[in-house]
Amino acid sequence: MTFKERVLKVVSQIPRGKTLTYSQVAEIAGSPKAARVVGSILKENFDPKIPCHRVIRSNGTPGEYNRGNKEKIRLLKEEGAL
DNA sequence: GAGCTGACATGTT
DNA sequence: CAACATGCCAGCT
């Protein structure tokens, strides 16, 4: 089980309407300081089972998104997470 | 195993 | 408030 797999699993388990920060995901995955790695992994993953838009920065800003940063914000609004 | 990379975080300037 | 600098660490070559 690599860190990547754990990150994907964690993100896939984020409930609708909720958001986690990259740090939180990294922490749950087992490496609290590997927030960057989390991003690197999410950008490569296009699996619909992984709601990467629910993962945001620690300061509350959305961060980046493979389908467009605007889309990420919109999705969060749709789900009521924002 | 070494080096480079980067969807981050936090502190300075 | 924005730009810059440093630390951090797993993935990839």
Side-chain angles (χ1 to χ4, degrees):
Chain A
M1 177 70 79
T2 60
F3 183 74
K4 152 163 96 173
E5 292 176 272
R6 260 183 300 203
V7 168
L8 293 176
K9 191 170 303 193
V10 172
V11 176
S12 69
Q13 278 159 1
I14 300 175
R16 182 183 179 283
K18 185 152 181 191
T19 55
L20 287 181
T21 68
Y22 290 96
S23 297
Q24 297 298 330
V25 175
E27 192 177 339
I28 297 167
S31 299
K33 302 186 213 163
R36 306 181 64 163
V37 189
V38 174
S40 298
I41 293 164
L42 295 184
K43 82 171 168 214
E44 289 172 32
N45 185 86
F46 280 76
D47 194 308
K49 296 253 69 178
I50 315 297
C52 17
H53 62 267
R54 307 244 175 95
V55 186
I56 62 179
R57 288 193 140 183
S58 58
N59 60 314
T61 55
E64 296 292 307
Y65 192 52
N66 48 24
R67 287 156 54 196
N69 153 293
K70 287 287 258 189
E71 188 63 18
K72 181 169 186 174
I73 299 172
R74 217 195 64 215
L75 284 167
L76 292 172
K77 276 177 159 300
E78 282 287 316
E79 299 181 351
L82 202 58

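Predicted, not measured: the structure shown is a model, and the values here were computed from it. A note on names: the letters A, B, ... follow the listed sequences, proteins ahead of strands, and every chain is numbered from 1.
- Whole-Å rounding puts the A/Lys43 NZ to B/dT5 C1' distance at 8 Å.
- For A/Ile41 and B/dA7, the CD1 to P distance is 13 Å, given to the nearest whole Å.
- Checking side-chain atoms of A/Lys9 against main-chain N and O of A/Ala29 turns up no donor-acceptor pair under 3.5 Å.
- Look at CZ on A/Arg36: it is 12 Å from C1' on C/dA5, rounded to the nearest Å.
- For the pair A/Lys72 and A/Val55, the tightest heavy-atom approach, listed with the atom from each and the gap, is NZ-O, 2.6 Å.
- Closest non-hydrogen pair, A/Pro62 versus A/Tyr22, comes out as O-OH, 4.2 Å.
- Spacing between atom CZ of A/Phe3 and atom P of C/dC8 amounts to 16 Å, rounded to whole angstrom units.
- In this structure, of C/dG11, B/dA7, B/dA9, it is C/dG11 that holds the atom nearest to the side chain of A/Lys4.
- Distances shorter than 4.0 Å separate none of the side-chain N or O atoms of A/Ser58 from OP1 or OP2 on B/dC8.
- At a threshold of 4.0 Å, the pair A/Lys4-A/Glu44 does not count as salt-bridged, since none of the basic side-chain nitrogens sits closer than that to a carboxylate oxygen.
- Using a 4.0 Å heavy-atom criterion, one finds that A/Tyr65 contacts the bases of the nucleic acid, with or without backbone contacts as well.
- One finds a side-chain N or O of A/Lys33 lying less than 4.0 angstrom from the OP1 or OP2 phosphate oxygen of C/dC9.
- Here the P atom of nucleotide B/dC8 and the CD atom of A/Glu64 are 6 Å apart, to the nearest Å.
- For A/Ser40, no side-chain nitrogen or oxygen approaches OP1 or OP2 of C/dA10 to under 4.0 Å.
- When rounded to the nearest whole Å, the span between CG of A/Asp47 and C1' of B/dA7 equals 17 Å.
- In this structure, A/Thr21 reaches neither bases nor backbone, as no heavy-atom distance under 4.0 Å exists between it and the strands shown.
- The hydrophobic cluster containing A/Ile56 does not contain A/Ile50, counting ILVMFWY residues as joined when their side-chain heavy atoms lie under 4.5 angstrom apart, directly or transitively.
- Using a 4.0 Å heavy-atom distance criterion, A/Asn69 is classed as making no nucleic acid contact.
- Comparing A/Glu44 and A/Ala34 by the nucleotide of DNA chain C that holds the closest heavy atom to each, the one mapping nearer the 5' end is A/Ala34.
- Atom CG of A/Asn45 is separated from atom P of C/dA10 by 19 Å (rounded to the nearest Å).
- In this structure, CD of A/Gln24 is placed 12 Å from C1' of B/dA9, rounded to the nearest angstrom.
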